Amino acid sequence: MIALFLAIFAWAPRYDLVISGGRVIDGTGAPWVRADVGIRGDRVAAIGDLSSARANRRIDAQGLAVAPGFIDLLGQSELTVLVDPRAESKIRQGITSELTGEGVSPAPMNDAWVHEREDWLRKYRLKVDWTDLRGYFRRLRKARPSINVGVMVGAAQVRGVVLGFNDVQPDAAQLARMQALVEEAMEQGALGVSSGLIYQPGSFAKTPELIALAQVAAKHGGFYATHLRSEGSRIFDALEEAFAIGRAAAIPVEIWHLKVGRSHWGQMQEVAARIERARANGIDVTADAYPYVASANGLHASLPEWVNAGSVDDMVARLRDPAQRDRIAKETGRDLDAEAILLISCVDPGLRRFMGKRLSEVAKEMNLSPELALMQLVAQDRAKLGVARFTMREDDVQTALRKPWVAVDTDYGARATDGPFGGEGAHPRAFGTMARILGHYVRDVNLFSLEEAVRRITSLPARRMGIWDRGILRPGAYADVVVFDPQRVQDTASFEQPQQYPLGIETVVVNGRVVLHHGERTTERPGRPLLRSP
């Protein structure tokens, strides 16, 4: 009898890790089921009753939800994970993978682009020692981040390498070189091509240029992701441009951080209707959004486009030129709402006293008009000063989030409350996005079910990225797993105190290894590049 028992025990499958007794939400939107999840190596090996299975380690998930690792569809961590690879602000909200590269990207890289980032690179002691995406991925693997990172090749990045940073248009040979750079990046694992069409030099690109680059990405099975050319007064024209690119290049389209600005408050329903009409007409277009009423970018984005043209040195020179000062101030002041702009981060330590204050308040302290204060701040911090802009309305945010084709993004780089980025300002979305979706919008607002919320942050972004073996819990998929408490999950980050981790995220597994347990980070850093599948 003992021999029979030993024989049966020896035959029973062994797992490296079993997460037992939880409510498994598989990422498809299907209702949860009570099951165990068995992990072997970096893959999910089994889901079901594994109570008699042998396991090197068991984690009890009784009373908790077990879901695929969350995917941030625009994460901005391409450089921050090289500075601080712990990526704690991501893993503590259950993010195991992110997509990055909003118009600019870590490759192709040249000396001019390095110079544009020189102040930031010097502050964080980061040396750019790569020129192409293969070299960047080599550096990423060496850093051993806690999360997986997928990269888009930026249309503005390519433009800067070939054309520089001025408002010029490519000739046929230059456009062919730009296409060749996109081709190279796609062959080296880029997931698609992206644009950021309100930022220079990306804003100088006309639609045919973007179509030409998107056609290359489409040939390799990639997609086109875009920060629209306008999210305010020209948003409908900007949408039509995105649809035109998708149609002409025969490429899927992702609209990043879908929103409407103050000029179009209340019109998100019409924005969504136009996207749905495009989908009905055969254009594969989806979107993502973050659950906050404030956006975030650089303060220099408030300057006229011509002021931002060229290198950062050119821009600073214009701001300090007495002959151009009045014109810049007049044009900057036309649409400037200083009360709606909150200063949140800077590189120059001399500006730290202004962080956490509205531009209107800072202007008074500087004894300057808001537009002149803005110009001085941008020049002093060499276009590195980050701000939050309160330009959205909650009902529009909710209208976007309700749509089944809208995923979720943080639009912010990974950081931690200690280390290189400790004590610095941030947008609360950097720390609280996923918990805010699962807590506030599921439990408090009842915007959608828990299973639907999980789908929005797992399989939906994974499918858009073309990553078919993540974002879902099933045997054979990569073992990216989050265990959380649906009743307790809550974002705690605020605009006043953004560097606060959420509650209720208990355990996070990346590629089969536990990076967070009982809400505490472990020493594991098993992240890897997410490469486009051939």
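For clarity, every value in this text was computed on a predicted model and none was experimentally measured.
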Test salt bridge (Lys or Arg N to Asp or Glu O under 4.0 Å) applied to Asp381 and Lys384, step by step: CA-CA 5 Å; Asp381 211 35; Lys384 301 301 183 293; over 6 Å; no
Side chain proximity check, Leu74 to Leu99, heavy atoms < 4.5 angstrom: no
Which is it for Ser203 and Glu305 under the side-chain hydrogen bond (donor to acceptor under 3.5 Å, both in side chains) test, yes or no, and what are the steps along the way? CA-CA 8 Å; Ser203 62; Glu305 187 172 76; 2.7 Å; yes
Any Leu516 side-chain heavy atom under 4.5 Å of Thr522 side chain: no
Donor-acceptor check, side chain of Arg463 to backbone of Ile467, threshold 3.5 angstrom: yes or no? yes
Classify the side-chain pair Ser195/Tyr224 by whether it contains a donor and acceptor separated by less than 3.5 Å. yes
For the CG atom on Asp313, are there more than 12 heavy atoms of other groups (residues, nucleotides or ligands in this structure) within a distance under 6.0 Å? yes
For Ala87 against Val81, the heavy-atom pair lying closest together: CB-CG1, 4.3 Å
Show, in sequence, the C-alpha distance, side-chain angles and deciding distance for Glu424 and Ser345, and conclude whether the side-chain hydrogen bond (donor to acceptor under 3.5 Å, both in side chains) test is met. CA-CA 6 Å; Glu424 292 194 355; Ser345 64; over 6 Å; no
Quick check: Phe495 with Phe390 (ring centres under 6.0 Å apart)? yes
Quick check: do Ile275 and Lys403 have side-chain heavy atoms less than 4.5 Å from each other? no
Are Arg436 and Tyr292 in a cation-pi setup, meaning NZ or CZ lies under 6.0 angstrom from the ring centre and within 45 degrees of the ring axis? yes
Donor-acceptor check, side chain of Glu98 to backbone of Ser77, threshold 3.5 angstrom: yes or no? yes
Okay, side chain of Ser89, backbone of Ala416: is any donor-acceptor separation there less than 3.5 Å? no
Residues Ile95, Ile71; criterion side-chain contact (heavy atoms from CB on, under 4.5 Å); working and verdict: CA-CA 6 Å; Ile95 293 169; Ile71 298 175; over 6 Å; no
Report yes if the side chains of Asp480 and Ser97 come closer than 4.5 Å at any heavy-atom pair, otherwise no. yes
Shortest non-hydrogen contact between Pro526 and Val515, atoms and distance: CD-CG1, 3.4 Å
Give a yes or no answer on whether the side chain of Glu116 reaches the backbone of Val312 with a donor-acceptor pair at less than 3.5 Å. yes
Looking only at side chains, do Glu241 and Thr207 share a donor and an acceptor under 3.5 Å apart? yes
Any side-chain heavy-atom pair of Thr417 and Glu88 under 4.5 Å: no
On a heavy-atom basis, the closest approach of Met109 and Val128 is CG-CG1, 3.7 Å
Salt bridge (Lys or Arg N to Asp or Glu O under 4.0 Å) assessment of Arg229 paired with Glu240: CA-CA 10 Å; Arg229 203 176 290 273; Glu240 289 303 321; over 6 Å; no
Spell out, as yes or no, whether a donor-acceptor pair under 3.5 Å connects the side chain of Gln93 to the backbone of Thr433. yes
Report yes if the distance between the aromatic ring centroids of Phe165 and Trp113 is under 6.0 Å, otherwise no. yes
Any chance the side chains of Gln497 and Ser494 put a donor and an acceptor closer than 3.5 Å? no
Any side-chain donor-acceptor pair under 3.5 Å between Glu183 and Gln179? no
Tell me the closest heavy-atom pair linking Leu460 and Trp405, and the distance in Å. CD2-C, 4.0 Å
Is the shortest heavy-atom distance from the side chain of Asn110 to the side chain of His115 under 4.5 Å? no
Any donor-acceptor N/O pair, Gln380 side chain to Met375 backbone, under 3.5 Å: no
Should we count CG of Asp111 as having more than 12 external heavy atoms under 6.0 Å? no
Report the C-alpha separation of Arg470 and Thr96 in whole Å, then their side-chain angles, then the decisive distance to 0.1 Å, and conclude whether the side-chain hydrogen bond (donor to acceptor under 3.5 Å, both in side chains) test is met. CA-CA 10 Å; Arg470 298 186 193 267; Thr96 59; over 6 Å; no
Indicate whether the side chain of Thr100 and that of Glu78 have a donor and an acceptor atom separated by less than 3.5 Å. yes
Just to verify, which of Lys90, Gln76, His257, His427 counts as forming a side-chain hydrogen bond (donor to acceptor under 3.5 Å, both in side chains) with Thr410? Lys90
Let's go through Arg464 and Thr286 carefully: what are the C-alpha distance in whole Å and the side-chain angles of both, what is the deciding distance for side-chain hydrogen bond (donor to acceptor under 3.5 Å, both in side chains) to 0.1 Å, and is it a yes or a no? CA-CA 8 Å; Arg464 172 47 79 222; Thr286 54; 2.9 Å; yes
Is there a salt bridge (Lys or Arg N to Asp or Glu O under 4.0 Å) between Asp84 and Arg86? Walk through the geometry before answering. CA-CA 6 Å; Asp84 186 354; Arg86 297 173 300 168; 2.8 Å; yes
Does the side chain of Val151 come within less than 4.5 Å of Tyr136's, by heavy atoms? yes
Do the two ring centres, one from Tyr290 and one from Tyr412, sit under 6.0 Å apart? no
Minimum heavy-atom separation for Trp256 and His227, please, with both atom names. CE3-N, 4.1 Å
Are any side-chain N or O atoms of Thr80 and backbone N or O atoms of Ala414, one a donor and one an acceptor, separated by less than 3.5 Å? yes
Does some side-chain heavy atom of Val483 sit less than 4.5 Å from a side-chain heavy atom of Ile505? no
Salt-bridge present (Asp396, Lys259; N to O < 4.0 Å): no
Salt bridge check, Lys123 against Glu118: does any charged N sit closer than 4.0 Å to a carboxylate O? no
Any sub-3.5 Å donor-acceptor pair from Glu254's side-chain atoms to Leu73's backbone N or O? no
Using modelled atom types and a 3.5 Å cut-off, is there a donor and acceptor pairing between side-chain atoms of Arg358 and backbone atoms of Leu342? no
Judged by atom type as modelled, is there a donor-acceptor pair below 3.5 Å linking the side chain of Ser263 to the main-chain atoms of Ser233? yes
Any chance the side chains of Ser311 and Asp314 put a donor and an acceptor closer than 3.5 Å? yes
More than 12 heavy atoms of other residues, nucleotides or ligands under 6.0 Å from CZ of Arg134: is that the case? no
Give the C-alpha distance, both sets of side-chain angles, the deciding distance and a yes or no for side-chain contact (heavy atoms from CB on, under 4.5 Å) between Leu503 and Asp491. CA-CA 6 Å; Leu503 303 175; Asp491 61 308; over 6 Å; no
For Leu385 and Met355, which heavy atoms make the closest approach, and how far apart are they? CD1-CE, 4.2 Å
Pair Asn297, Tyr199: side-chain N/O donor-acceptor within cut-off below 3.5 Å: yes
Could Glu209 and Lys206 be called an ion pair, given the rule that one side-chain N must be under 4.0 Å from one carboxylate O? no
Side chains of Ser146 and Arg525: any donor to acceptor distance under 3.5 Å? no
Do the ring centers of Phe448 and Tyr441 come within less than 6.0 Å of each other? no
Just do the salt bridge (Lys or Arg N to Asp or Glu O under 4.0 Å) check on Arg456 and Asp288 with the steps written out, would you? CA-CA 9 Å; Arg456 305 293 191 90; Asp288 52 82; over 6 Å; no
